[in-house]
Amino acid sequence: MNSPPVDPLTPVVPLLPPRAPAPDLASVDPTLDLEDEIRRLKRQKNAVLLAHYYQEEEIQDLADFVGDSLDLSRNAQKSEASLIAFAGVRFMAETAKILNPTRKVVLPDYEAGCSLESSAPPEAFRRWREAHPGAVSLTYINCSAAVKALSDIIVTSSNAEKIVRSIPPDKEILFAPDRHLGAWLAQKTGRPMILWPGACIVHEQFSEREIVKLKAKHPDALLAAHPECPESILRYADHVGSTRSILNYVTTAPGKMFLIATEEGILHQMKKLAPDREFIPIPPDNGCRCNECPFMKLNTLEKLYLCLRDERPEIVLPEEIRAAAEKPLLRMLELS
Ligand code: 13P
Ligand code: SF4
């Protein structure tokens, strides 16, 4: 009997382990002071709590370090804690595990994904790469470990411009998965790029109409925007950069009032660092609260307490994927 035909595109990327069970919220004693308990568990377990700027205020205040994707990656890489609790989204916790594999990495909710990550399934990404042999693949850190493993260099919004400029001019560039960040980079650097059609569901929602109205009402206000926003928003920006760069800009640039086109969790640090300044989040068009990231906001104090107490859900990656994903991340850190 003839053997079945071999698909030349047979997946080389094994499936990731099954999803973790949902956090057992019913097991949280409602009389506990969760903030005290989280501090106690951190001490008892020699744990470090890393948090992204889009986390709830109380989680940011409990964290040992709050930062953007690049700073969080660096911090995770050098951490000597026995346990890393990552209050962010799953791709960030995975990055911590990839860079520091001997540490146990847990996150409050395993379902904290990202629309950019889900726009790039590993197998489709692999086919895209294969369709462009010879191209260099720059991939935004907002992607799965399996997609990182298939990429040449990872970038974040703080180092992407520098890394694009380091690519020899005769090389074709594939940029995934954020088409808005890619388009902004192409425009800034003058490098044409082939873009993956992904987008952030939060940064795509900001309303151009509201910006025009706010700028008319407050002509001296300066607009700071994240490059995950579409060009229709970025064209009004006085500053475009990563969350850390936005935070630096709005707390140090001359000016009293700033319009903010990124997830509004970051306003917490802005108000702490510059209480005398006014920060106005740009609303979305449709009146919903879509400038909050639904994935980041899955993390709550209860789930953070549970992940420290039970040390799960834990990031577990097949070593083959972890080691392959580490290479483009290390390349990024060298080039940053
Ligand atoms: P940075 O914090 O690196 O700017 O990225 C923001 C982000 O994508 C998280 O959603
Ligand atoms: Fe992903 Fe956008 Fe949420 Fe960031 S804000 S985690 S890019 S969905």
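Please read these numbers as outputs of a predicted model, since none were measured by experiment. First listed ligand is number 1; within each ligand, the first listed atom is number 1.
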request  = Give the numbers and elements of all ligand 1 atoms closer than 4.0 Å to a heavy atom of Ser157.
outcome  = 1 (P), 3 (O), 4 (O)
key: Atom indices of ligand 1, in the order listed, that fall short of 4.0 Å to a heavy atom of Tyr140   = 5 (O), 8 (O)
ask   = For atom 8 (O) of ligand 1, which candidate among Arg244, Glu228, Glu263, Glu117 holds the nearest heavy atom?
value = Glu228
Option whose closest heavy atom lies nearest to atom 3 (Fe) of ligand 2, chosen from Gly88, Ser115, Cys293 = Cys293
ask   = Taking the non-hydrogen atoms of Glu228, is any one of them nearer than 4.0 angstrom to ligand 2?
value = yes
When you measure from [atom] to every protein heavy atom, which one gives the shortest distance, and what is it?
atom: atom 2 (Fe) of ligand 2; answer: Cys200 SG, 2.3 Å
atom: atom 1 (Fe) of ligand 2; answer: Cys114 SG, 2.4 Å
atom: atom 10 (O) of ligand 1; answer: Tyr54 CE1, 3.4 Å

request  = Answer yes or no: is there an ion pair linking Glu326 with Lys97, defined by an N-O contact shorter than 4.0 Å?
outcome  = no
inquiry  = Please report whether ligand 1 has a polar contact with His226, defined as an N or O pair separated by less than 3.5 Å (distance criterion only).
reply    = yes
request  = Report yes if some N/O of Ser69 lies less than 3.5 Å from some N/O of ligand 1; otherwise report no.
outcome  = yes
ask   = When you look for heavy atoms under 4.0 Å from ligand 1, do you find them on the side chain of Asn142, its backbone, both, or neither?
value = side chain
key: Over 12 non-hydrogen atoms of neighbours within 6.0 angstrom of CD in Gln44   = yes
query = Under 6.0 Å from the six-membered ring centre of Tyr110 and within 45° of its axis: does the NZ or CZ of Arg90 meet both?
reply = yes
